[in-house]
Amino acid sequence: KDDTTKVEITNTYNKINLFVSKTDLTSGAEVKGAKITVYDADGREVTSWTSDGTEHDFGPSLKAGEKYTIVEEGAPAGYAYVNKIALEVGKDGKMTVTGTEGNFTYDEKTGKLEIKDEKISYQIEKLNPNGKPLNGADFRVTDEKGKEIDKWTSDGKKHSLNTSEMEAGKLYTLTEVKAPSGYKSIGSINIKLNKDGSLYIEGKTYQNGSTIQITDQAVKTTASDEKK
């Protein structure tokens with residue numbers, strides 16, 4: 001007589017899915033050129049991806065029972081980026097996602113993580129000492145290599161800075177090439193475009209979407225100048 005008992009064990013495995021997409025915060029359109037890296041709990045790089053306009057599944061690189069951090073390490077020109085997202089994969093393959101910085105949405109049912117970047121936008125206004133618009137000032141903006149990013153002549157209206165070629169985290173130079181007759185140029189000033197889209201100019205930080213006012217001082221004349 002065979003008293004052997006046959007026990008059949010069936011393991012059920014849930015597939016881990018994490019579909020990541022990179023989108024414009026306002027329009028929802030897919031954004032290309034953003035570098036996204038996943039790190040494990042010890043800070044080791046697990047995998048990375050540069051957005052290409054389609055979803056990317058990070059799931060195959062993740063393990064159940066582990067914690068990870070998703071970091072956006074670079075954004076295409078014209079976009080701010082501060083996204084840093086912590087997530088934990090449960091033993092059942094389900095994820096808990098919490099954001100420490102930036103904008104994102106996560107759908108537990110579909111496993112889709114949408115990381116959102118905000119477009120950078122600034123206006124520059126040229127004023128006289130009385131706070132009135134000043135015409136005829138020539139400006140240019142250059143990057144660290146001297147490449148011209150933008151140029152314009154003040155015409156009494158606010159100028160929309162060409163941020164489509166400006167990368168967050170980089171340094172730029174704003175130069176008043178020529179001041180209007182009777183006014184003194186501000187010369188060249190350094191501007192830092194921070195990762196979050198804010199601008200740092202001469203000790204002051206401007207938030208994304210701000211208007212930057214630049215004032216020229218009138219050239220003072222002396223009695224001897226007037227006689228010339």
Side-chain angles (χ1 to χ4, degrees), residues 11-122 143-144 163-172 191-200 205-210:
N11 290 326
T12 301
Y13 297 95
N14 293 323
K15 183 180 179 182
I16 299 173
N17 290 317
L18 181 62
F19 300 104
V20 176
S21 65
K22 189 67 191 170
T23 62
D24 183 293
L25 179 62
T26 303
S27 69
E30 294 282 349
V31 174
K32 298 180 181 180
K35 183 181 179 183
I36 298 171
T37 304
V38 179
Y39 294 94
D40 65 16
D42 295 319
R44 292 187 294 260
E45 181 177 326
V46 175
T47 184
S48 65
W49 169 68
T50 299
S51 62
D52 57 6
T54 62
E55 287 184 353
H56 178 74
D57 187 8
F58 281 109
S61 299
L62 308 181
K63 296 179 180 179
E66 299 290 334
K67 294 181 179 180
Y68 300 93
T69 301
I70 298 177
V71 181
E72 184 177 7
E73 299 185 309
Y79 284 91
Y81 68 101
V82 289
N83 291 294
K84 186 177 181 182
I85 302 164
L87 62 90
E88 182 174 358
V89 183
K91 292 183 179 180
D92 58 359
K94 294 183 179 180
M95 268 177 265
T96 301
V97 178
T98 58
T100 54
E101 297 178 59
N103 298 285
F104 75 92
T105 57
Y106 176 65
D107 188 328
E108 292 184 3
K109 293 181 179 180
T110 62
K112 180 176 179 179
L113 175 66
E114 186 176 350
I115 302 175
K116 304 176 182 182
D117 277 353
E118 183 178 19
K119 276 188 175 180
I120 299 169
S121 174
Y122 284 95
D143 64 14
E144 293 174 284
T163 55
S164 64
E165 293 189 44
M166 298 179 69
E167 295 183 39
K170 301 282 187 177
L171 291 171
Y172 297 88
I191 58 179
K192 171 71 180 296
L193 182 55
N194 297 315
K195 292 179 180 180
D196 64 358
S198 63
L199 268 180
Y200 182 79
T205 300
Y206 297 84
Q207 296 305 314
N208 190 12
S210 299

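Heads up: numbering here begins at 1 and tracks the sequence.
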side-chain hydrogen bond (donor to acceptor under 3.5 Å, both in side chains) with [X]: which residues, sequence neighbours excluded?
{"X": "Ser164", "result": "Asn162"}
{"X": "Thr23", "result": "Glu114"}
{"X": "Lys112", "result": "Glu55"}
{"X": "Asn208", "result": "none"}

Which pairs with one or both residues in residues 59-86 pass salt bridge (charged side-chain N to carboxylate O under 4.0 Å, His left out), sequence neighbours excluded?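 Those involving residues 59-86 are Lys22-Glu72.
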Sort and list the pairs that fulfil salt bridge (charged side-chain N to carboxylate O under 4.0 Å, His left out) and have at least one residue in residues 30-42, not counting sequence neighbours. Asp40-Arg44, Asp42-Arg44
With a 4.5 Å heavy-atom cut-off, do [X] and [Y] have their side chains touching?
{"X": "Phe104", "Y": "Val97", "value": "yes"}
{"X": "Tyr172", "Y": "Glu167", "value": "yes"}
{"X": "Ile16", "Y": "Met95", "value": "yes"}
{"X": "Leu18", "Y": "Val89", "value": "no"}

Minimum-distance pair of heavy atoms, taken over all atoms of [X] and [Y]:
{"X": "Ala168", "Y": "Ile120", "answer": "CB-CD1, 4.3 Å"}
{"X": "Gly74", "Y": "Tyr81", "answer": "N-CE1, 3.6 Å"}
{"X": "Asp52", "Y": "Thr54", "answer": "OD1-OG1, 2.7 Å"}
{"X": "Ala80", "Y": "Ala75", "answer": "O-CB, 4.3 Å"}

Excluding sequence neighbours, so at least two apart, what forms side chain to side chain contact (heavy atoms under 4.5 Å, CB included) with Tyr200? Lys192, Asn194, Thr205
Rounded to the nearest 0.5 Å, how far does [atom2] of [Y] lie from [atom1] of [X]?
{"X": "Leu199", "Y": "Thr163", "atom1": "CG", "atom2": "OG1", "value": "9.5 Å"}
{"X": "Leu25", "Y": "Lys119", "atom1": "CG", "atom2": "NZ", "value": "11.0 Å"}
{"X": "Lys170", "Y": "Asp143", "atom1": "NZ", "atom2": "CG", "value": "9.0 Å"}
{"X": "Asp57", "Y": "Leu113", "atom1": "CG", "atom2": "CG", "value": "11.5 Å"}
{"X": "Leu62", "Y": "Thr47", "atom1": "CG", "atom2": "OG1", "value": "8.5 Å"}
{"X": "Tyr122", "Y": "Leu193", "atom1": "OH", "atom2": "CG", "value": "6.5 Å"}

For residues 96-108, the side chain to side chain donor-acceptor pair (under 3.5 Å) pairs (sequence neighbours left out) are none
Lys195 atom NZ, over 12 foreign heavy atoms within 6.0 Å: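 No, the 6.0 Å shell around NZ holds no more than 12 heavy atoms from other groups.
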Do Ser61 side-chain atoms and Val46 backbone N/O form a donor-acceptor pair below 3.5 Å?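 The answer is no, because no donor-acceptor pair under 3.5 Å joins these two groups.
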Is there any ring-ring contact (aromatic ring centres under 6.0 Å, His included) pair reaching into residues 19-76, and which pairs are they, with sequence neighbours excluded?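 Qualifying pairs, neighbours excluded: Trp49-His56, His56-Phe58.
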